[in-house]
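When a ligand or atom number is given, it counts from 1 through the structure's own listing order.
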Amino acid sequence: ARPVPGGAQLRIPGISPFVTPNGDFYRVDTALVVPKVDANAWRLRIHGKGVTRPTTFTFDDLLRRELIERNITLTCVSNEVGGPYVGNARWIGVRLADLLAECGVRPPSKGGPADQLVARSVDGMTIGSPVDDVMDGRDAMLAVGMNGQPLPFEHGFPVRMLVPGLYGYVSACKWIKDIELTTFDAYDPYWVKRKWARRAPIKTESRIDTPKPFARPKAGTVMVAGVAWAQHRGIDKVEVRVDDGAWQEARLASEDTVDTWRQWSFPWQATSGGHTLTVRATDRTGRVQTAKRTQTIPDGASGRHSVVVTVD
Ligand SMILES: Nc1nc2c(c(=O)[nH]1)N[C@H]1C(S)=C(S)[C@@H](COP(=O)(O)O)O[C@H]1N2
Ligand SMILES: [Mo]
């Protein structure tokens with residue numbers, strides 16, 4: 001990937017770094033014991049409805065292909081507003097759409113019979129993604145590396161799937177071993193059987209990283225800062241509100257790509273007493289992050305993040 005633009009990383013204490021180090025990257029899965037897969041014995045089978053050339057790939061088959069490197073921000077559908085289950089990493093892997101096309105897969109928009117791609121992991125997880133999303137030109141990939149290192153065991157070694165713009169439970173199968181082309185009518189994957197939505201694009205969200213809840217900053221200029229994300233749409237604006245005041249525009253860090261989160265900052269002239277800081281983002285489709293609070297189930301939490309502080 002081209003270098004991250006210098007202006008994407010603001011120098012503000014307490015803000016989430018643009019690239020989340022592997023050791024700090026959130027982990028969400030059902031595995032009680034992290035699978036330890038032998039890359040030499042690993043196989044990926046692609047088969048199912050409309051797959052005219054079913055194929056089994058080895059790890060070497062993938063490494064021999066052209067590798068792409070992309071910064072992609074991943075988010076969990078179970079992330080509460082203001083929560084920690086979001087991270088941004090630099091992933092290396094192969095283009096999934098190319099592999100599928102070689103196997104004869106056509107997306108439904110081009111007349112293909114399968115609208116759902118079901119990924120299966122070695123530990124029995126099933127994750128379903130819309131074939132149209134995977135093949136619409138976005139950087140859906142089978143990743144083998146994360147931030148310049150082999151994929152850590154916790155994050156899916158040797159190979160995991162990623163589709164920019166979709167929550168992890170409908171896109172990001174770790175320890176993947178099988179891809180089946182099917183339909184949404186014919187098969188419900190693991191979390192859908194448990195009442196989560198069949199389709200789940202990531203909602204436009206923003207988070208205040210600093211100051212922390214119940215912090216006691218001194219009166220004067222206080223840097224309010226955080227991250228905002230609307231993967232595959234892009235963030236166009238972030239605004240901050242103090243108590244019930246007017247929305248004021250924050251400064252946005254440079255954009256890396258529409259698939260990555262964006263840092264923001266707002267120098268607040270803080271006056272003594274208790275205050276509530278609230279943030280909202282606007283994505284490139286013009287949609288303003290809604291104030292309407294919803295639960296995480298079935299398709300992700302919505303609402304605005306607020307932080308209460310006492311200025312000394
Ligand atoms: N095999 C497997 N893959 C999985 C999961 C899982 O439980 N098992 N969880 C998914 C969910 S819900 C999310 S949000 C992402 C999290 O990826 P990470 O742990 O690398 O952050 O992985 C996805 N892939
Ligand atoms: Mo998730």
Exercise. What do the steps show when you test Val288 against Arg304 for side-chain contact (heavy atoms from CB on, under 4.5 Å), and what is the final call?
Worked result: CA-CA 11 Å; Val288 182; Arg304 294 176 184 157; 4.2 Å; yes
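In this model, no donor atom of one side chain and acceptor atom of the other lie less than 3.5 Å apart for Ser171 and Ser129. For the residue pair Thr296/Glu80, the side-chain donor-acceptor check at 3.5 Å is not satisfied. Asp178 and His47 form a side-chain donor-acceptor contact under 3.5 Å, judged by distance and modelled atom types alone.
Between Tyr26 and Tyr85, the ring planes are tilted. Angles from 30° to 60° get that label.
The 12-atom threshold is exceeded at CZ of Arg43, counting heavy atoms of other residues, nucleotides or ligands nearer than 6.0 Å.
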Tabulation required: pairs of a nitrogen or oxygen in ligand 1 and a protein nitrogen or oxygen under 3.5 Å; columns are atom names and distance to 0.1 Å; otherwise 'none'.
from	atom 1	to	atom 2	distance (Å)
ligand 1	1 (N)	Ser121	OG	3.3
ligand 1	1 (N)	Asp123	OD1	3.3
ligand 1	1 (N)	Lys174	O	3.1
ligand 1	3 (N)	Lys174	N	3.0
ligand 1	7 (O)	Thr30	N	2.9
ligand 1	9 (N)	Val28	O	3.1
ligand 1	17 (O)	Arg160	NH2	3.0
ligand 1	19 (O)	Val28	N	3.1
ligand 1	19 (O)	Lys174	NZ	2.6
ligand 1	20 (O)	His155	ND1	2.7
ligand 1	20 (O)	Arg160	NH1	2.7
ligand 1	20 (O)	Arg160	NH2	3.4
ligand 1	21 (O)	Tyr26	O	2.7
ligand 1	24 (N)	Ala172	O	3.0

